[in-house]
Amino acid sequence: MAKPPKNAISPTREEDYPEWYQQVIKAAELAENSPDVRGCMVIRPWGYAIWENMQRVLDRMFKDTGHVNAYFPLFIPLSFIEREAAHVEGFAKECAVVTHHRLEPGPDGKLIPAGPLEEPYIVRPTSETIIGASYARWVQSYRDLPILINQWANVVRWEMRTRLFLRTAEFLWQEGHTAHATRDEAIHETRQMLDVYADFAENYMAMPVIKGEKTEGERFPGAVQTYAIEAMMQDRKALQAGTSHFLGQNFSRVQEIKFQDQNGQEEYCWTTSWGVSTRLVGGLIMTHSDDDGLIIPPRLAPKHVVILPIYRSDEERSQVIPYCESLKRELEAQSFSDGKVEVMLDDRDLRGGEKAWQHIKKGVPLRAEVGPKDIAKNAVFLGRRDTGQKQGIGRDEFVATVSSLLTEMQDGLFRRAKSLRDDNTRDIDNLDEFKAYFTPQDAERPEIHGGFANCYFVETPEVDELLKKLKVTIRCVPVGQEEAAGTCVFTGQPTTQRGVFAKAY
RNA sequence: CGGGGCGUGGCGCAGUCUGGCUAGCGCACCUGCUUUGGGAGCAGGGGGUCGCAGGUUCGAAUCCUGUCGCCCCGACCA
C-alpha cells in the first residue's frame with residue numbers, strides 16, 4: 001500500500017532543471033501555455049493570486065513614494081516608436097502590428113481583414129512613447145513637475161522562444177513613468193525605485209538581489225542609464241528581476257516634453273521609467289521551490305494555512321468539521337505581515353494523502369491535519385512546507401505562534417536563498433579560471449554549474465565575443481562598490497570597473 | 001529564416017514500413033463496494049473517426065498529393 005518515498009516533481013532539479021521548472025508550474029496549477037495563442041500563457045487562479053499579492057504590496061510601495069496610478073492606450077501609433085532611434089532598434093523586431101479595423105467575408109466565406117488603417121498601430125511593447133505624448137501636453141511650467149505616474153498593464157513582445165512567466169509574448173507588468181525638472185531629481189527617482197524593487201524582492205519574495213547598473217550593451221533602448229536587480233536561481237543562473245531606467249532627455253527631446261523654468265527658460269524634462277513583470281513569479285518559483293514542487297514565501301502566499309480534516313464516518317465528520325471551522329476563525333483573527341493569516345479549509349471528498357500532496361505541490365506554507373485523535377488532545381498535526389518538518393502541536397499554541405512561525409519561515413527562505421548565492425559567487429581574476437567556471441563538464445547534457453563571478457573588466461568587442469561563446473553575460477556593475485584599481489580579466493588592461501558575470505535567463 | 005521531428009479520447013502513447021474484423025493501452029474522469037493520519041484496491045462505465053482537403057482502392061489511421069499547426073536544435077531575444 002505504501003509507495004516508496006518519491007519526490008512529487010519529476011525530473012528533479014538535479015536531473016533536468018528547465019523541465020523541473022515546467023513541471024512545478026504544472027503541478028502547482030500556476031499557469032499553462034495557451035494551446036490557442038502561440039507564446040501566450042493562461043495564468044491560473046493560484047498563479048494569479050500570487051501576482052495579485054505582488055501587485056498589492058508593490059502598489060502600496062509606489063504610493064508611499066508619491067506615485068499615482070493611471071492608464072494609457074494599448075495601441076501606439078507606429079510613428080511614435082520611430083522617433084527615438086535606439087528605441088526602434090530595440091523593439092522593432094518584436095512588435096505586433098494592427099493594420100486593419102474590420103473583418104469581412106472573403107470569397108470562400110472566411111473572414112478577412114478589411115478597412116486598412118491610415119497609420120498602423122503597434123500593440124505596446126512598453127509605453128514610453130505613448131505616455132510621453134500625454135506628458136508633452138500636460139507639462140507647461142516647472143510647477144507642473146514632477147509627474148509621478150505608474151500604470152498596471154499588459155504588454156506584447158513577439159518573442160521567438162517563450163518560457164512560462166520568464167518570457168512570454170504577452171505579459172503583465174507595471175511601468176512607472178516620471179518626468180522631472182532636473183537631472184538630479186530624475187536620477188534620484190531612478191535609484192529610489194531600484195531600492196523599492198530590491199526591498200520588495202528581498203523582504204517579500206525572500207529573494208536576495210544585487211542592485212547594479214547595466215553596461216552599455218545591456219541598456220534599455222533609449223536609456224542613458226539602466227539599473228537592475230539581479231537574482232540567482234537554484235541552477236545558479238541569473239534572473240533580471242526588475243529594471244529602473246534614467247532616460248535623460250532622450251525621450252523628452254523627441255517628444256517635446258518641455259517646460260518653462262523659474263527663469264522663464266524653456267527646458268526639456270528629465271524622464272525615468274521602471275518596471276517589474278509577471279517574470280517575478282518565475283523568479284519566486286526558481287528561488288525557493290524544491291523537488292516536491294512550489295514553495296511560496298509566506299508574505300506572498302495566497303493562503304498561509306490549509307486545514308485538512310480527517311474523518312471516516314459521518315459521526316466523526318460532525319465532530320471534526322466544527323472543530324476545524326472554529327480553528328479557522330481563530331487563526332484568521334491573527335495578523336501576519338500587513339494583513340491577517342489566510343486560512344483555507346479543504347473539505348473536498350478526496351483521500352487524505354492525495355489531498356495533502358496537492359497542497360505540498362502548490363506550496364502552501366502550513367498544513368494542519370485535524371482528526372479525532374488530535375481533537376481528543378486539543379491539538380493539530382502540523383506540516384511545514386519549507387523544511388518538511390511535521391509534528392503535533394497544541395491548538396492554542398498553534399494559534400498563538402502561527403504568525404511568528406510564518407515570519408520564521410519567511411526569514412529562513414531568504415537565508416537559504418542567500419547562502420546558495422553566496423556559496424556560488426566568487427572573485428575571479430584570471431581568464432582560465434573564468435572559462436573553467438562557466439564551462440559545463442558534459443556539453444551534451446549540461447549540468448548545474450558556475451554561478452556569479454565578480455571580475456574586473458573593460459568592454460570591448462573582443463570581450464563581447466568571448467562572453468558570447470561561453471554564453472555568459474555581464475549582469476551588472478553593482479552599485480555602492482568601493483572603487484578600486486584592478487586588471488581586466490579578459491584583456492589585461494587596468495580598470496576600476498568591476499562587474500558580476502553569469503549565465504542568464 | 002536554416003536543419004530535424006510530430007499531429008490518433010482531457011494528457012501521454014501503440015498501431016502506419018508490410019492497407020482488412022467493432023481503432024487499442026496507460027494515466028485522468030464517472031459509479032459502486034472496501035478503504036482513508038504521506039500519492040488506495042477491486043469491479044463496472046463514459047468519451048476518439050485517427051490535424052485538414054483531395055486522390056488511389058472492394059476497403060485507408062496506414063499508400064499518394066497538397067495544406068495547416070505544433071515541438072526541438074540553430075539564429076534572434078532592452
Side-chain angles (χ1 to χ4, degrees), chain A residues 1-10 18-19 22-23 26-27 32-39 81 84 86-95 108 110 125-126 128 155 157-163 166-169 171 173 175 214-228 240 242-245 247 250 273-275 277 279 292-293 307-313 316-317 320 348-361 367-377 379-383 385 388-392 443-444 468 471 473 475-476 504-505:
Chain A
M1 185 187 239
K3 282 202 164 184
K6 212 180 94 187
N7 293 115
I9 302 297
S10 173
E19 182 59 23
Q22 299 288 124
Q23 294 302 325
K26 190 174 174 186
E32 56 198 26
N33 277 120
S34 166
D36 310 305
V37 185
R38 203 195 105 86
I81 291 282
E84 217 290 334
H87 203 57
V88 187
E89 177 81 17
F91 289 109
K93 282 172 289 184
E94 49 186 41
C95 277
D108 56 357
K110 288 190 176 159
T126 179
E128 275 74 11
V155 289
R157 298 179 187 180
W158 214 265
E159 300 287 354
M160 296 296 280
R161 260 171 82 60
T162 58
R163 304 190 65 184
L166 301 176
R167 175 172 290 112
T168 47
F171 56 94
W173 79 343
E175 46 182 329
K214 290 284 179 184
T215 56
E216 192 180 346
E218 301 280 324
R219 223 171 261 157
F220 176 76
V224 175
Q225 292 178 304
T226 286
Y227 290 93
Q240 177 177 301
T243 48
S244 185
H245 314 290
L247 304 175
N250 292 348
S273 69
W274 29 274
S277 71
R279 172 179 260 205
D292 284 331
I307 299 175
L308 302 167
I310 291 157
Y311 50 82
R312 300 166 197 230
S313 60
E316 282 185 350
R317 183 176 192 281
V320 170
R348 289 175 303 162
D349 180 21
L350 285 178
R351 296 193 77 255
E354 185 175 353
K355 208 193 278 187
W357 275 106
Q358 286 184 11
H359 295 291
I360 291 169
K361 288 185 283 193
R367 299 184 309 286
E369 297 180 6
V370 177
K373 289 183 222 164
D374 305 294
I375 295 176
K377 289 182 291 187
V380 304
F381 194 73
L382 192 64
R385 181 61 185 92
Q389 231 164 32
K390 286 173 296 188
Q391 60 180 44
E444 295 299 306
K468 195 170 180 180
K471 296 186 171 174
T473 52
R475 299 319 301 160
C476 65
Y505 278 97

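What's counted below: heavy atoms across the whole structure, side chains too, no hydrogens, waters or symmetry copies. First the proteins, then the strands, lettered A, B, ... as listed; each starts at 1.
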Rounded distance in Å - [atom1] ([X]) to [atom2] ([N]):
X: A/I310; N: B/G37; atom1: CD1; atom2: C1'; value: 5 Å
X: A/E32; N: B/G12; atom1: CD; atom2: P; value: 12 Å
X: A/W158; N: B/C1; atom1: CH2; atom2: P; value: 15 Å
X: A/I307; N: B/G37; atom1: CD1; atom2: C1'; value: 16 Å
X: A/Q22; N: B/C11; atom1: CD; atom2: P; value: 17 Å
X: A/K390; N: B/G39; atom1: NZ; atom2: C1'; value: 12 Å
X: A/L350; N: B/G37; atom1: CG; atom2: C1'; value: 16 Å
X: A/D349; N: B/C29; atom1: CG; atom2: P; value: 12 Å

Provide the distance between the two [atom1] atoms, one in [N] and one in [M], to the nearest whole Å.
N: B/A23; M: B/U49; atom1: C1'; answer: 9 Å
N: B/G55; M: B/U62; atom1: P; answer: 14 Å
N: B/C1; M: B/U16; atom1: P; answer: 34 Å
N: B/A61; M: B/G19; atom1: C1'; answer: 10 Å
N: B/G5; M: B/U65; atom1: P; answer: 16 Å
N: B/G4; M: B/U22; atom1: P; answer: 39 Å
N: B/A53; M: B/A60; atom1: C1'; answer: 15 Å
N: B/G24; M: B/G41; atom1: C1'; answer: 25 Å

With nearest nucleotides of RNA chain B determined for A/H245 and A/K26 from heavy-atom distances, which residue corresponds to the more 5′ nucleotide? A/K26

Between A/Y311 and A/W173, the residue closer to the 5' end of RNA chain B by nearest nucleotide is A/Y311

A side-chain contact here means heavy atoms from C-beta on lying under 4.5 Å apart; do A/E128 and A/F220 qualify? yes

Is there a side chain to side chain contact (heavy atoms under 4.5 Å, CB included) between A/E175 and A/T126 once you walk through the steps? CA-CA 8 Å; A/E175 46 182 329; A/T126 179; 3.7 Å; yes

Can you confirm whether A/W173 is buried at CH2, in the sense that more than 12 heavy atoms of other residues, nucleotides or ligands lie under 6.0 Å from that atom? yes

Kindly check if the number of other-residue, nucleotide or ligand heavy atoms within 6.0 Å of CD (A/E19) is above 12? yes

So what does [X] touch, heavy atoms closer than 4.0 Å: a base, only the sugar-phosphate, or nothing?
X: A/I360; result: base
X: A/R163; result: nothing
X: A/P309; result: nothing
X: A/K373; result: base
X: A/A86; result: nothing
X: A/K355; result: nothing
X: A/Q240; result: base

Contacts under 3.5 Å, N or O only, protein and nucleotides 67-77 of chain B:
from, atom 1, to, atom 2, distance (Å)
B/C73, OP2, A/R161, NH1, 2.9
B/C73, OP2, A/R161, NH2, 3.0
B/C76, OP1, A/K468, NZ, 3.2
B/C77, O2', A/E159, OE1, 3.2
B/C77, O2, A/R167, NH1, 3.4

[X]: which residues meet the salt bridge (charged side-chain N to carboxylate O under 4.0 Å, His left out) condition with it, sequence neighbours left out?
X: A/R317; result: A/D347
X: A/R167; result: A/E159
X: A/R348; result: A/D346
X: A/E32; result: A/R44

Distance col, row A/R385:CZ vs A/K361:NZ, nearest 0.5 angstrom, shows 11.0 Å

Separation of A/F381 CZ from A/I310 CD1 (nearest 0.5 Å): 9.5 Å

Treating a pair as Watson-Crick (purine N1 to pyrimidine N3 plus N6-O4 or O6-N4) or G-U wobble (N1-O2 and O6-N3) with both distances under 3.5 Å, list the stems of 3 or more consecutive pairs that involve RNA chain B. B:1-7 with B:68-74, B:10-13 with B:24-27, B:29-34 with B:40-45, B:51-55 with B:63-67

Checking A/H245, A/Q240, A/Q225 against A/K214 for side chain to side chain contact (heavy atoms under 4.5 Å, CB included), the one that qualifies is A/Q240

